[in-house]
Amino acid sequence: MKIYGTPAARKTVRPLPSRQSDFLPAKKEAWGSRIGVILAVTGSAVGLGNFLRFPGKAAQYGGGAFMLPYFIALFLLGLPMAWAEWAMGRHGGAHGHNSLPGIFRVVWRSKLAPYFGVLGLLIPVAIYMYYIYIEAWCLGYAWKFATGSMALGADPSRYAEFFARYVGLSAHGSAFNLSSGSWSDSVLPALALCFLLNFAIIYRGLGKGIELFCKWAMPALVVCALIVLVRVLTLGTPDATKPEQSLSNGLGFMWNLGWGGQTVWQALANSQMWLEAAGQIFFTLSVGFGIISCYASYLKPNDDIALSSLTACAGNEFCEVALGGLITVPAAFVFLGAAGVVAATRSTFNLGFMTLPMIFNAMPLGQFVGAVFFFLLFLAALTSSISMLQPAIALLEEGLGLGRRASVALLGFITAVGTAFIVYFSKGAVALDTFDFWIGSVCIYVLATIQVILFGWVMGMERGFEEIQRGAGIHVPKLFMYIIKYVSPAYLLIVFGLWLFQTAGQYVRKIGSDPVVAGSVGFLVLLFVFFLMLTAQAVRRWQKMHPFHKEAGP
Amino acid sequence: MTLSGWMVMLLSVGFVTGLTVWCIYRVMQEPEAPAHMHAQDEIDTHDRE
């Protein structure tokens with residue numbers, strides 16, 4: 001049995017006993033190659049946030065000063081949590097489990113454990129319901145740029161009007177109302193195509209579907225980003241009458257230390273910036289979704305996870321900092337100036353779907369660059385959305401014994417109902433915003449906290465470290481285990497507590513005052529109960545097949 | 001763009017690019033297990049009660 005890694009790693013880690021392999025149940029799904037799983041995890045992490053949210057937050061909180069708390073959060077929160085998720089996932093996979101309820105059952109031998117894992121089904125599926133809608137906007141915008149129907153001139157209000165009409169922001173149900181407009185101005189064809197693509201890829205399975213797709217989509221995404229980057233970096237000073245709106249000043253707006261008369265120390269003293277930087281790292285690496293554990297569960301028991309996890313995180317950071325950080329804000333600055341960028345970056349949707357299209361139309365080769373940029377966003381969204389379906393598919397297959405066709409059909413129906421709900425209640429994007437807050441923020445923090453506590457305190461430092469080091473391609477310093485056990489949970493709880501304190505009040509009040517918000521929360525509760533029932537059924541099945549006392553670990 | 005701005009940009013972009021390249025190099029250096037070794041065999045453990 002080959003053990004990769006440095007001599008130090010080899011000394012500290014023993015290979016998995018052959019006895020454990022005997023517990024592997026019948027299983028057909030597995031990754032075909034190491035680079036395949038790395039690209040799939042990177043693809044899951046790289047999303048719209050890399051190209052829209054990160055530059056917006058960095059510009060909003062003082063440019064270069066933002067990078068210090070950002071990188072600190074990467075090392076204290078992001079990387080340790082990613083290693084923990086990979087390790088728990090592979091550990092669960094070695095015992096034949098691919099869904100988070102099953103993985104938790106193996107990690108924490110408690111009857112309650114699988115039910116904590118229900119969040120690992122609810123979160124990706126509920127996020128998929130609105131993420132696919134945003135993915136459809138990207139595809140639609142890419143198509144419109146490619147066909148030249150996005151040339152709306154230099155008036156910002158025309159872009160805002162188009163976005164509101166396209167997405168249905170003006171009234172509930174308006175996105176479905178085709179009587180007043182043509183199909184070309186409707187998001188529904190793009191949405192249907194995105195749905196079909198996602199489920200076609202998932203239906204093909206892990207190796208021939210997700211892995212194969214990510215193997216070409218991720219390089220294509222980087223190529224698209226490089227094309228846009230070259231265009232942005234050669235913009236110079238497009239308007240000679242506004243020499244201050246130059247590329248150099250645009251880069252300065254993004255990267256200079258101190259901003260708007262603030263010194264770097266004043267910027268660093270802003271606690272909100274530390275909170276936002278930690279939140280950005282947390283969301284960009286897709287930790288706390290339950291997806292990484294699911295993907296890692298398809299590895300072999302002695303496959304490397306230390307280097308693979310680091311590579312996936314690095315790939316995501318490259319897309320975010322080196323590509324996203326050099327494209328969005330500098331491009332916006334040279335056409336809009338400082339005040340325009342400040343206004344645009346207050347909202348990710350505003351920046352991405354109203355401001356940037358206008359900027360692309362203003363620049364030479366803008367139609368082509370706009371099409372490439374939105375296709376890049378579409379690819380980033382698609383590689384993320386397919387990963388959101390896999391955890392639920394895994395439970396339906398391993399927990400309920402359903403075949404691929406039945407699993408895909410059932411999940412397709414559930415997600416179609418949820419997406420239809422969000423698309424219908426589109427006025428002010430209230431349903432989307434409610435889903436994003438309760439699932440895309442609150443539940444993710446909760447699940448991440450559960451995961452890091454399970455890994456650091458239930459699985460324990462010794463067992464956890466051994467799991468990370470087994471087959472490792474790099475030696476992970478043991479310091480990280482102390483970080484995972486003590487620093488990461490504390491960091492997470494502080495960030496979560498402060499964030500909840502600042503934002504939760506208005507969302508709780510809205511439940512009582514806005515029926516759409518109440519309906520959205522009700523829908524999510526129903527979905528949670530549904531996954532709870534599925535998990536209970538799966539647990540009964542697992543207990544019959546593999547009772548606890550027969551699942552002894554290493 | 002100030003000198004400190006250039007330094008932050010080059011350090012940040014250089015760090016993530018360097019880390020990515022180093023990781024990919026290390027991954028490529030590792031021998032890849034044959035595909036058939038990755039695929040989980042269908043094993044009946046006869047361990048079910």
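Of the two parts of A/Leu323, neither the backbone nor the side chain holds a non-hydrogen atom closer than 4.5 Å to a non-hydrogen atom of chain B. There is no contact between A/Tyr70 and chain B, counting heavy-atom distances below 4.5 Å. In this structure, chain B has a heavy atom under 4.5 Å from the side chain of A/Leu326, while its backbone stays farther away. With a 4.5 angstrom heavy-atom cutoff, B/Met28 touches chain A only via side-chain atoms.
Side-chain contact of A/Asn316 with A/Thr284: a donor-acceptor pair under 3.5 Å is present, judged by distance alone.
Per-residue counts of heavy-atom pairs under 4.5 Å with chain A were compared for B/Thr2, B/Leu19, B/Ile24; the largest is that of B/Thr2.
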Identify all side-chain donor-acceptor contacts of residues 305-312 of chain A below 3.5 Å with residues at least two apart in sequence or on another chain.
from: A/Ser308; atom 1: OG; to: A/Asp304; atom 2: O; distance (Å): 3.4
from: A/Ser308; atom 1: OG; to: A/Asp304; atom 2: OD2; distance (Å): 2.7
from: A/Thr311; atom 1: OG1; to: A/Leu307; atom 2: O; distance (Å): 2.6

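Residues A/Arg541 and A/Glu398 form no side-chain contact, since every pair of their non-hydrogen atoms from C-beta on lies 4.5 Å or further apart.
Taking SG of A/Cys313 as the start and CG of A/Leu74 as the end, the distance is 7.0 Å to the nearest 0.5 Å.
Take A/Glu320 and apply the salt bridge (charged side-chain N to carboxylate O under 4.0 Å, His left out) test, not counting sequence neighbours, and it matches no residue.
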